[in-house]
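The sequence lines fix the lettering, A, B, ..., with proteins before strands; numbering per chain opens at 1.
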Amino acid sequence: MLVLQSIEKSFGATRAVRDVTLDATSGAVLGLVGENGAGKSSLMKIAGGIIRPDQGVVRLEGASVTGLSPRSALARGIVSVFQELTLIRSLTVGENLSLLKPPIRSWGSIDKARRLREGQETLDRFDVPVRASSIVGELTLGQQQMVEIIRAVTRRPKVLLLDEATAALGAPEVKWLAGIVAAERERGTIILFISHRWEEIESFCQRVAIMRNGELVAHSAVEDVSHDRAVELMTGRPLGIAFPRKRPASGGTDLLQAEGLESDVLHGVGLQLAPGEILGVGGLVGQGQDALLKSLFGDHPLISGTITVAGKRCDLRKPSDAIRRRIAYVPQERKVEGLLLHKSIAVNLSLAILRRLSSWMGLIDHKREQQILSQSIDRLKIRAASGAEPVGALSGGNQQKVLLQKWLLTKPTVLLLNDVTRGVDIGTKTQIYDIVVDLAASGVGVLLYSTDAHELVELGHRVLVMIDGRINAELSGYGLTAEAIVRASIGQEVRDGAAA
Amino acid sequence: MTNTRRMRNSFARPVVLAPLTITGCTVLLFLVGSILARGFMAPSNVLMLLALSADLGIAAIGETVVILTGGIDLSIAWNVTAASIIFTGITQGNEGHLWIGVAAGLGVGALAGLANGLGIAKLNISPIVMTLGMNNIMQGLTLIYSQGTPSGSAPASIKEIATGWLGPIPIIVLVWIGLAIVVSACLHATRGGRYLYSVGESPMVSRLTGIDNDFVLIAAYTVSGFCAGLTGILFTGFSSMSFLGMGDQFVLPAIAAVVLGGASIYGGRGSYAGTFVGAFFLTVLTTVLAIVNISIGFRNIIYGLVIIAAVLLYRAYTRERE
C-alpha cells in the first residue's frame with residue numbers, strides 16, 4: 001500500500017498541495033482528477049520522489065519513501081511516466097529501452113545485436129508498432145509516449161505513476177494503454193493515473209481522488225461519482241474574486257477575422273472579433289489555443305487560411321507585422337517570452353514603443369521614458385523600490401502588471417491574452433480583469449485564452465472551446481457556464497454544441 | 001524580507017560590481033608595479049600604458065558588441081591582419097592613397113563581419129563555428145593577396161596617430177577615449193543599443209516584441225569586423241608595417257577584456273566601460289609580469305588564472321539568483 005499522509009507543498013506564495021492524505025492499494029487503480037493547477041501533478045511528483053513535500057510523509061509498504069531522489073525512487077520500484085517525455089531523442093528505441101541495464105558481453109562491451117533483438121521482442125510483446133532501430137526523435141509523439149510507457153512497465157514497478165500519459169495518445173492507443181494498465185493491476189502494481197478525461201478515469205480506474213486548489217475534495221470508488229458530480233467537484237466556486245460587470249460589446253465591423261487557419265497544430269479554425277468584444281478561448285491545455293493566438297500575432301506559421309485585420313486581408317509573417325497593425329500579444333510565460341528579467345522596469349516598459357520614444361537617429365528621449373514609467377507605476381500600482389529596479393526582482397503579480405502595461409502602451413486595437421492570470425495572486429487578478437473590461441469598453445477587441453473556466457464565463461461575451469486544434473463549441477448567453485466549458489473541453493457536447 | 005532584498009540586489013549587482021572590481025585590481029597592480037619599478041605610477045607612464053592598450057581596446061569594442069548578443073567573434077585575428085595588409089598594400093606608405101587604403105581596410109573588416117552576421121543569423125551557424133571558419137577564410141584570402149609577403153608600409157599620418165602626442169597626451173589615447181564615449185552612448189542611449197541588449201538577454205522576448213533579431217545580429221558582427229579593420233590600420237601605424245599573423249595577439253585578450261569588464265558571456269549584460277578597464281588591466285598586468293622578469297611560460301599561466309578567477313568571482317556576485 002502507498003500512503004500519502006498530511007502532504008503540504010508550496011511553491012513561493014502558492015500552496016500547491018494542502019494537507020492531502022490519500023492511499024492507493026494494489027488491485028485498485030487510483031485516478032487523480034482536477035482542473036489545471038489543482039495540485040495533481042505536484043502530488044504525483046511527491047509520490048514519485050521527484051519533489052520533496054514541505055510537510056507530511058509518503059510510505060510504501062510501511063517504510064518511509066519521502067523525498068527520495070528520482071534515482072533511489074526508481075531503485076525502490078517507484079516508476080513515473082510524465083507528460084514531458086524523458087526519452088533521449090537522439091538514440092534509438094532499443095537504446096532507450098535498455099538505457100539503465102544494457103546487455104553486456106562477458107568482457108564488458110555492449111552487445112548491440114542482443115540489445116536490438118531484445119528491444120524488438122519487448123516492442124512486439126506489447127504490440128507497439130515501432131522498430132527498435134528507429135531514432136526516437138523521428139517517431140510521432142504518440143509512439144514516443146508508448147515507448148516511454150513500456151519502458152516504465154519493463155522496469156517491473158511496484159508503484160506506477162502515470163501523469164497524463166494519454167495526452168499524446170489517440171483513441172486506439174488509449175485502449176492499448178487500458179490493457180497494459182489492467183495487466184499491471186493484476187500483477188499487483190499500485191497505479192496512480194492522472195487524466196483530464198472522465199471516460200478514461202471510468203475505464204482505467206477503480207477509485208478516484210478529486211482535487212481542487214491543492215485540496216482533496218473527494219476520494220471514493222469510481223462508480224459512486226457521477227460525471228456531473230465530478231465536474232461540480234472539480235470546478236467548485238473560486239473564492240474571493242470579484243469579477244467586473246460585463247458590458248455589451250459595442251459592435252460594428254469586425255476588428256479581426258480569421259478563416260480556415262491550418263497549420264501543424266490548427267485544423268480549420270475561424271473566428272470574428274468585434275470592437276469592444278471579449279472573446280474567450282477555452283479547452284484543456286495544449287489543444288492549439290497557444291498556436292491560435294500566436295498565428296494571429298505572426299508567430300505561428302500557417303499552411304493556409306486568411307486573416308483580416310480592420311477589413312484588410314494581411315499576411316502576418318512575423319510579430320512586427322502584427323504590431324504594426326496594432327495587435328498586441330501578452331504571452332503566457334512571462335519570464336521566458338515576456339520580460340527581460342535583468343533589465344529595469346523602464347527598459348521593459350518601453351521596449352515595444354522605442355520607435356515612438358526615439359528620434360530618427362535612434363536617440364532615446366529619456367525624459368519621456370521616465371514620464372511614461374512613473375505614469376505606468378501609478379496607474380497599475382506596481383510595487384517596486386524604483387523604476388530602475390530589475391524586473392526579475394519583482395513579485396510575480398507585479399511582473400505581470402509590467403508585462404501587460406508594456407503592451408497596453410502600444411495602444412492596441414486587438415489584444416491577445418494568453419492565460420495571463422495563471423499563477424497570479426487574487427489582488428492582481430481582479431486588477432487585470434478591471435483593466436481588460438475597461439479596455440473592451442473603450443472599443444478594443446480582446447481575445448482571452450484562459451485555463452480558468454470561471455474567468456472565461458465572467459469576462460467573455462462568447463467562448464470558443466478548442467479540442468485538438470479545432471473549435472469544438474461556441475458558447476454564449478445562457479449556454480455559457482463553467483460546467484458547459486468543462487463538458488465541451490472533454491468532448492462531451494460534440495454533437496449538441498454549435499459546431500464552429 | 002531579507003531574502004527578497006538579497007535577491008533584488010543580485011539582479012543589478014554584476015553590472016556595477018564587476019567594473020569596480022577590475023578597476024580596483026588595476027589600482028592594485030599599479031601599487032605592485034610602483035614597488036617594483038620607480039615611476040610606474042607617474043602620469044606619463046599611465047598614459048603610455050593607456051596608449052599600449054588602445055589597439056586591444058578598440059578591437060574589444062567589436063567583441064563587446066558581439067558578446068552582448070550572446071555570440072563571440074574569433075575571426076578578429078585575420079580580420080585585423082587582412083585589413084592591415086590591404087592597407088599597406090594600397091598605400092605603399094604613400095599619403096596620397098591614404099583614404100582609399102583606410103576605406104579598403106575598414107571595408108574588408110566590415111565585409112568579413114557582415115558575412116559572419118549573415119551566416120549566424122540567416123543560416124543559423126553557431127558563432128564559434130562561423131567566425132572560426134571566417135578566420136581561416138580571411139587567412140587564406142590574405143595569403144593569396146599578399147602572396148606570402150606583405151608589402152608596403154604605413155603612411156606618416158597613420159604613424160602620427162598611432163604614436164604621436166598631442167601636447168602631453170598620446171593621440172591614440174584620445175582616439176580610444178573618443179570612441180569609448182561614442183560606443184557607450186550608442187549602447188545606453190539609443191534604440192539600437194537597447195535592441196542589442198534585448199536580443200542578447202532573450203531572443204524570444206525580442207522576437208515577440210517585434211524586434212528584427214537577424215538585423216541586430218548582422219549589425220553587431222559587422223561592427224565587430226569594422227572595429228577589427230580599424231585596429232588593423234591603427235596597429236599598422238604603431239608597427240609602421242604589416243606582417244602575417246599580426247592580429248593573433250588580439251583575439252583572446254579582446255574576449256578576456258570583455259569578460260573581465262563584467263559582461264556575461266551568455267549575452268545581454270555588460271558595458272563598454274567595463275571592457276575599457278578590462279583591456280587596460282590586461283596591458284598593465286602584462287607589463288608588471290614583464291618587469292618581474294618571470295619566464296613567458298609562467299606569465300601565460302598567471303594570465304590564464306586571472307581570467308578564470310575573475311569569472312569565478314563575478315559568478316559569486318550573481319549566485320543568489322540561481
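- A distance of 4.5 Å separates OG in Ser350(A) from CZ in Arg194(B), rounded to the nearest 0.5 Å.
- Using a 4.5 Å cut-off between heavy atoms, Thr410(A) makes no contact with chain B at all.
- A 6.0 Å sphere centred on CG of Leu363(A) holds more than 12 heavy atoms belonging to other residues, nucleotides or ligands.
- No part of Arg324(A) comes within reach of chain B, as not one of its non-hydrogen atoms sits under 4.5 angstrom from that chain.
- The residue among Lys294(A), Lys318(A), His366(A), Arg355(A) with the most heavy atom pairs within less than 4.5 Å of chain B is Arg355(A).
- Within 6.0 Å of CZ on Arg356(A) lie more than 12 heavy atoms contributed by other residues, nucleotides or ligands.
- Under the side-chain contact (heavy atoms from CB on, under 4.5 Å) rule, Thr209(B) has a single partner from Leu351(A), Leu354(A), Asn348(A), which is Leu351(A).
- Each of Leu340(A), Leu341(A), Leu403(A) was evaluated against Val205(B); a single residue qualifies, Leu340(A), per the side-chain contact (heavy atoms from CB on, under 4.5 Å) test.
- When Gly362(A), Ser359(A), Ser320(A) are compared by the number of non-hydrogen pairs under 4.5 Å with chain B, Gly362(A) comes out ahead.
- Within the 3.5 Å criterion, the main-chain N or O of Leu208(B) finds no donor-acceptor partner in the side chain of Glu337(A).
- Remark: His342(A) NE2 to Glu201(B) CD distance equals 5.0 Å, nearest 0.5 Å.
- Note on Ala189(B), Cys186(B), Gly210(B): by heavy-atom pairs under 4.5 Å with chain A, the leading option is Ala189(B).
- Between the side chain of Lys343(A) and the main chain of Gly268(B), a donor-acceptor pair closer than 3.5 Å is present.
- Using a 4.5 Å cut-off on side-chain heavy atoms (C-beta onward), Met204(B) and Pro331(A) make no contact.
- For Leu339(A), the part sitting under 4.5 Å from any heavy atom of chain B is the backbone (N, CA, C, O) and nothing else.
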